[in-house]
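Note sheet for the following structure.
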Amino acid sequence: MDRRQPYRTEEGIVVGRKALPQGDLLLRFVTPGGSLEALARKGSRPTGRSGRLSLFHHVRFQLYAKGEALPLLTQVELLGKLYGLEEPRRFLLAGFLSELAYRLASPEAAGRVWPVFVSGLRGIAKHEDPLLPLVWAGWRVVKAGGLAPDLRGEGERLKEGRLGKEGVYLGPKGVEALWAILHLPGGEALGHLEEAPLDRLFLALKAHTEEALGPLQAGVLLKG
């Protein structure tokens, strides 16, 4: 996709929306080609496109970009939406994964981030314990974005991307599960999470990403 053309068509998932004066919407998307922001003119009004631009909706959209100005959304088509994410805890977990994907989906990494992100959202929407797919997808997104921790050291705590005697305590099962997430195919890795300490793996994920990226807004609402 040549993003230098005035008009271009993209496909992505809505991961952020903010109402602006006069009913405009500032939108954030994660796409197979990277993260982007766009402006929907009067998109939050009842006659606008807000129904197709809800959080976590999968959409195809056309943008008009000129110079350094924020691209304008000119058309939008709803491709799909995930049922179940309206449940409060699932919504918060999906928000955390979405912010993480948005921060890490550079043009170079987006092709790896996108399929894991989509799979993770589906899992959060449907799995009996939504924390399990979040932990799996969150660490896989971190790896896709080039921030995987080094698990070759000794110790059962994670700090500054290394195992040692300081940091978030994972325990032996947590270290084993994290190694599986980072190195085994998806189905095999999920099996290692069934009895893993998911809360500690999530806290380690949050701490690890914030050490590298700074505070995550969605992370403030989640304590594990």
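Partners of Glu87 according to the salt bridge (charged side-chain N to carboxylate O under 4.0 Å, His left out) rule, which considers only residues two or more places apart in sequence or in another chain, are Arg90. Checked against side chain to side chain contact (heavy atoms under 4.5 Å, CB included), Arg162 has the following partners two or more places apart in sequence or in another chain: Asp150. For Glu77, the side chain to side chain donor-acceptor pair (under 3.5 Å) criterion is met by Arg60, not counting sequence neighbours.
Listed by first then second residue, pairs satisfying salt bridge (Lys or Arg N to Asp or Glu O under 4.0 Å) with a partner in residues 100-115 read Glu99-Arg103, not counting sequence neighbours. Sorted by first then second residue, the ring pair (Phe, Tyr, Trp, His ring centres under 6.0 Å) pairs that include residues 138-194, not counting sequence neighbours, are Trp139-His208, Trp179-His183. Applying the ring pair (Phe, Tyr, Trp, His ring centres under 6.0 Å) rule to pairs touching residues 108-127 yields His58-Trp114, sequence neighbours excluded.
Between Leu163 and Glu154, every side-chain heavy-atom pair lies at or beyond the 4.5 Å cut-off. In this structure the side chain of Ser35 never reaches within 4.5 angstrom of the side chain of Arg28, judged on heavy atoms. Between Leu82 and Arg122 there is a side-chain heavy-atom pair separated by less than 4.5 Å. Counting only heavy atoms from C-beta outward, the side chains of Phe29 and Val15 never approach each other to under 4.5 Å. Ser98 is not listed as a side-chain neighbour of Val14, based on a closest heavy-atom distance of 4.5 Å or more. Between Glu10 and Leu36 there is a side-chain heavy-atom pair separated by less than 4.5 Å. With a 4.5 Å cut-off on side-chain heavy atoms, Leu213 and Leu104 count as touching. For the pair Leu72/Arg41, a side-chain contact is recorded, criterion being any heavy-atom separation below 4.5 Å from C-beta on.
Put simply, CD1 on Ile181 and CD on Glu176 are 11.0 Å apart, with the number rounded to the nearest 0.5 Å. Summarising the geometry, atom CG belonging to Leu178 is positioned 7.0 Å from atom CG belonging to Leu158; distances are rounded to the nearest 0.5 Å. Of the inter-residue distances, the one linking Gln75 atom CD with Tyr64 atom OH reads 14.5 Å to the nearest 0.5 angstrom. Going from atom NZ of Lys18 over to atom CG of Leu25 covers 11.5 Å, rounded to the nearest 0.5 Å. Here the straight-line distance linking atom CD of Glu211 with atom CG of Leu147 works out to 11.0 Å at 0.5 Å rounding. We find the CG-CG distance between Leu85 and Leu55 to be 10.0 Å, quoted to the nearest 0.5 Å.
Shortest non-hydrogen contact noted between Val30 and Ala105 is CG1-CB, 4.4 Å. Closest of all the heavy-atom pairs between Glu156 and Pro172 is OE1-CD, 3.5 Å. Of all heavy-atom pairs spanning Gly34 and Ala110, the tightest one is N-CB, 3.2 Å.
Aromatic pair Phe91/Phe56: centroids less than 6.0 angstrom apart.
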Carefully, step by step, assess Arg89 and Leu131 under the rule side-chain contact (heavy atoms from CB on, under 4.5 Å). CA-CA 9 Å; Arg89 180 160 175 78; Leu131 188 57; 4.1 Å; yes
Can Thr9 and Gln62 be said to form a side chain to side chain donor-acceptor pair (under 3.5 Å), step by step? CA-CA 4 Å; Thr9 300; Gln62 185 183 73; 4.5 Å; no
Yes or no on side-chain contact (heavy atoms from CB on, under 4.5 Å) for Leu53 and Leu73, after CA distance, side-chain angles and deciding distance? CA-CA 11 Å; Leu53 293 170; Leu73 189 147; 4.2 Å; yes
Where do Val59 and Leu79 land on the side-chain contact (heavy atoms from CB on, under 4.5 Å) test, with the steps shown first? CA-CA 5 Å; Val59 294; Leu79 300 179; 5.6 Å; no
Could you check Phe96 against Phe202 for ring pair (Phe, Tyr, Trp, His ring centres under 6.0 Å), going step by step and ending with a plain yes or no? CA-CA 11 Å; Phe96 180 87; Phe202 169 71; 5.1 Å; yes
Go through it in stages, so that I can follow the logic: the residues are Leu134 and Leu198, the test is side-chain contact (heavy atoms from CB on, under 4.5 Å), and I'd like the CA-CA distance, side-chain angles, deciding distance and then a yes or no. CA-CA 9 Å; Leu134 170 65; Leu198 296 177; over 6 Å; no
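Under the 4.5 Å side-chain contact rule for hydrophobic residues, Leu70 and Leu20 share a cluster. Cluster membership for Leu132 and Leu184, using ILVMFWY side-chain heavy atoms within less than 4.5 angstrom, is shared.
Counting non-hydrogen atoms of other residues, nucleotides and ligands closer than 6.0 Å to CD of Glu166 gives a total of 12 or fewer. Counting non-hydrogen atoms of neighbouring residues, nucleotides and ligands closer than 6.0 angstrom, the CD atom of Glu194 exceeds 12 such neighbours.
Checking Ile124, Val116, Leu205 one by one against Leu97, the side chain to side chain contact (heavy atoms under 4.5 Å, CB included) holds for a single residue, Ile124.
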